[in-house]
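Proteins get letters first, then strands, A, B, ... in listed order; numbering begins at 1 in each.
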Amino acid sequence: MSSSQMKSASRRWSIASRVLAAIGGGYALISLLTLALPLALAPLGINQAQVLLAATTASFLIYVAIVMAVFHARSAARAWAGLAIMALPLSAVTLLLLP
Amino acid sequence: MKEAFRQSMAWLHTWVGLLVGWVLFFVFLTGTLGYVNAEVDLWMRPEQPQLAAFPPAADMLASAEQRLRERSGEAEEWLIIFPGDSGVRGAGDLVVGRRAWPVDGEMSGKRTLETLDPRTGLPIEISARETAGGHTLYRMHYVLHYVPEKWGRWIVGIATMLMLVAIITGTIAHKKIFRDFFTFRSARGQRSWLDGHNLLAVTALPFHVMITWSGLVFFQFMYMPVAIDMLYPEGTPRDRFFEEAYGFDQIDRDAARPAAPLVSLLPLLARAEEHWGTGSVYFITVDNPGRENARIIFSAQDKDSVDRTRAFLRFDGVTGSLLESGTGTRTAAGWFNGVLLSLHEGRFAGPVLRFLYALAGLIGTAMIGTGLVLWSTKRKAKLLKTDKPHFGIAVVDVLNLGTVVGLPVGIAAYFWANRLLPVEMPGRAAWEVHAMFIVWGLTFLYAIARSLDRAWVELCWLAAAACTLLPLLNALTTDRHLGVSLSSGDWVFVGFDLSALAAGLFFALMARHLDRRKEAVR
């Protein structure tokens with residue numbers, strides 16, 4: 001394999017990885033967000049159902065931002081790491097507060 | 001850094017746009033026709049006479065109620081929608097609907113709607129030809145056709161999500177958004193397509209963002225089920241969610257309640273009209289008809305409201321006593337959702353605003369079309385240097401032509417089928433739709449068989465002819481040609497015929513332009 005072929009193959013893998021991160025990772029992240037936000041805000045006296053509704057409505061815009069960030073990240077690995085860092089506190093909130 | 005961001009967004013815009021462009025072109029064009037679906041319904045039922053005024057609501061209610069009671073059986077809900085002003089969807093029809101009790105595993109029962117002729121109170125098929133009408137065309141923009149509805153909603157939803165990505169990345173990819181907006185370099189091949197694409201995109205940018213986002217919000221809990229399923233599972237918790245989140249009233253959906261006769265709806269209509277004025281009731285729903293927990297809800301016309309709230313009166317379905325007179329106020333989140341959905345549908349829009357809606361929809365359609373063509377033009381410009389044919393680009397070219405010009409030809413065929421299929425033909429409505437998809441499919445074959453340049457010119461001429469000749473076809477097959485409709489103030493028929501002529505003119509100009517450009521290249 002020549003070095004240009006290797007470069008093109010690694011570029012393809014990087015794109016495939018980003019596509020997966022954007023679609024799958026992004027979707028998982030906004031799902032988690034719509035779950036964690038109502039749970040986190042309910043103890044503050046904000047109606048949980050209304051937060052869920054508002055978060056779901058907004059989630060599509062957040063999804064766009066995530067997709068953009070994933071494709072702009074310097075490497076696919078950094079994109080995945082970014083997703084994981086954002087998912088961490090959301091998962092913690094969910095696990096703690098989910099009845 | 002800024003330049004790198006612009007470039008990565010341009011890359012994303014290009015590929016996301018190509019991936020879903022064809023589906024989106026279909027969604028945008030059929031959705032745009034949805035802004036006039038009631039008018040298209042009327043055009044496709046030429047036997048139904050032009051209606052100067054609707055009969056009194058009491059007469060229409062009497063036939064609607066009779067229809068619902070005759071076909072009694074068990075129902076969870078009845079629905080009666082009165083015909084209203086032209087700004088309201090379903091304008092000319094009296095609609096009755098029933099929702100069956102949910103069968104095991106269903107979230108809600110199956111709803112069947114029936115259209116009645118407001119003059120006779122009988123099913124519309126008795127007084128006019130059976131037709132799939134404008135409403136079927138409009139439904140295609142969110143459930144597609146020939147696939148289960150759920151798949152249709154998912155496919156359209158995924159495409160819509162990517163549309164939102166394409167819109168926002170496309171705006172960022174733009175280097176000089178303001179200067180480009182005032183730039184149009186005509187007849188310069190790729191440059192012109194790009195300028196045109198930019199101009200269309202920026203002109204209606206707020207509309208594009210609104211229509212795409214709100215389109216997702218319609219089925220937001222189908223697309224985003226995880227949180228609601230975990231926090232508010234099906235059943236009582238889910239009912240509580242809708243009550244709390246939107247401010248909807250909870251409906252008692254207990255099938256096991258004892259039977260009790262339903263009061264007559266007519267005296268209640270009189271009381272509603274006392275409240276809001278004559279002809280002011282938009283629709284009536286009856287929950288649990290024939291049960292002791294029956295509730296009858298009258299909702300007022302809301303044509304001026306942009307947030308889907310409307311005044312309502314709730315009656316006890318057994319005693320007929322007034323239980324509640326509400327204004328339909330919502331929670332903040334529920335109100336915002338109402339505004340988004342209402343903006344999407346544009347039911348509140350008067351004639352001028354509705355024209356702008358349709359125009360913005362067409363601009364969006366053209367934006368997608370020019371974007372698709374641009375993808376292939378750009379790549380071919382690069383390829384010329386190496387000069388080897390590229391299979392991928394050839395596939396895109398065929399799909400582009402078959403979609404951008406082929407779909408309008410298919411839709412024209414839908415209207416032709418409406419006039420040409422025998423009036424008494426069984427399964428007529430379904431065949432109107434088949435005609436559309438068969439003709440549309442043939443345009444793809446044509447795009448494969450002919451050289452690309454020739455096929456573009458010829459299909460544009462075909463689209464031009466198919467649209468321009470529609471008024472003539474209408475004149476030959478009905479007694480409501482343009483002369484008649486103009487002199488009798490039949491604006492539905494005037495509007496349809498003139499729109500068809502305008503569409504025909506558009507395709508003729510495009511055909512001529514492409515033909516000339518080809519000559520010039522040679």
Side-chain angles (χ1 to χ4, degrees), chain A residues 11-12 14-16 18-19 21-24 26-42 46-76 78-79 87 90-91 93-95 97-99, chain B residues 1 4-13 15-16 19 157-158 160-169 172 209 212-232 237-238 240-247 330-337 339-341:
Chain A
R11 181 176 151 78
R12 276 180 200 183
S14 161
I15 291 176
R18 281 175 204 252
V19 167
I23 297 175
Y27 184 75
L29 192 61
I30 55 167
S31 290
L32 195 56
L33 181 75
T34 53
L35 183 59
L37 217 52
L39 287 170
L41 295 183
I46 306 174
N47 184 286
Q48 184 178 273
Q50 290 174 31
V51 177
L52 172 57
L53 175 59
T56 305
T57 304
S59 68
F60 303 107
L61 299 180
I62 300 167
Y63 201 177
V64 175
I66 294 173
V67 170
M68 283 165 56
V70 164
F71 278 93
H72 184 60
R74 231 175 300 156
S75 69
R78 285 176 73 100
L90 296 174
S91 312
V93 167
T94 306
L95 287 175
L97 296 175
L98 199 65
Chain B
M1 171 70 193
F5 184 53
R6 209 184 59 74
Q7 272 175 10
S8 62
M9 291 305 106
W11 183 89
L12 196 53
H13 176 80
W15 290 99
V16 163
L19 191 64
I158 291 167
T160 310
M161 189 62 235
L162 291 171
M163 173 92 187
L164 203 52
V165 173
I167 291 172
I168 295 175
T169 52
I172 292 167
V209 173
T212 310
W213 184 26
S214 56
L216 289 163
V217 170
F218 269 90
F219 308 112
Q220 56 188 342
F221 289 111
M222 177 183 162
Y223 300 140
M224 297 295 303
V226 173
I228 194 170
D229 281 353
M230 290 188 77
L231 299 176
Y232 300 93
R238 185 61 57 91
R240 204 185 71 223
F241 169 77
F242 284 108
E243 191 189 2
E244 283 181 18
Y246 294 86
R330 302 270 178 84
T331 63
W335 173 85
F336 186 72
N337 262 260
V339 172
L340 270 184
L341 303 190

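- Taking the ring centroids of B:Phe221 and B:Tyr232, they lie at or beyond the 6.0 Å cut-off.
- Annotation: maximal heavy-atom pairing with chain B below 4.5 Å, among A:Leu35, A:Val51, A:Leu53, occurs at A:Leu53.
- Among the candidates A:Ala22, A:Ala65, A:Ser31, A:Ala54, the residue making the largest number of heavy-atom pairs closer than 4.5 Å to chain B is A:Ser31.
- Two residues are said to be in side-chain contact when any heavy atoms from C-beta on lie closer than 4.5 Å; B:Thr169 and A:Val67 fail this criterion.
- For chain B, the nearby part of A:Leu39 is the side chain; its heavy atoms alone come within less than 4.5 Å.
- Residue A:Ala49 comes nearest to B:Ala245 through the heavy atom pair O-CB, 3.6 Å, listed as atom of the first residue, atom of the second, then distance.
- With a 4.5 Å cut-off on non-hydrogen atoms, A:Ser59 touches chain B through its side chain but not through its backbone.
- In this structure, the portions of B:Met224 lying under 4.5 Å from any heavy atom of chain A include both its backbone and its side chain.
- Ring orientation note: the planes of B:Tyr223 and A:Phe60 are nearly perpendicular, at an angle over 60° on the 30°/60° scale.
- Enclosure of atom CH2 in B:Trp11 by more than 12 non-hydrogen atoms of other residues, nucleotides or ligands within 6.0 angstrom is indicated.
- For A:Leu97, no part sits under 4.5 Å from any heavy atom of chain B, backbone or side chain.
- A:Ile30 touches chain B through backbone and side chain together, each having a heavy atom under 4.5 Å away.
- Ranked by heavy-atom pairs under 4.5 Å with chain A, the first of B:Leu216, B:Ile228, B:Ile168, B:Val217 is B:Leu216.
- In this structure, A:Leu33 and A:Ile62 have side chains that are in contact, with non-hydrogen atoms separated by less than 4.5 Å.
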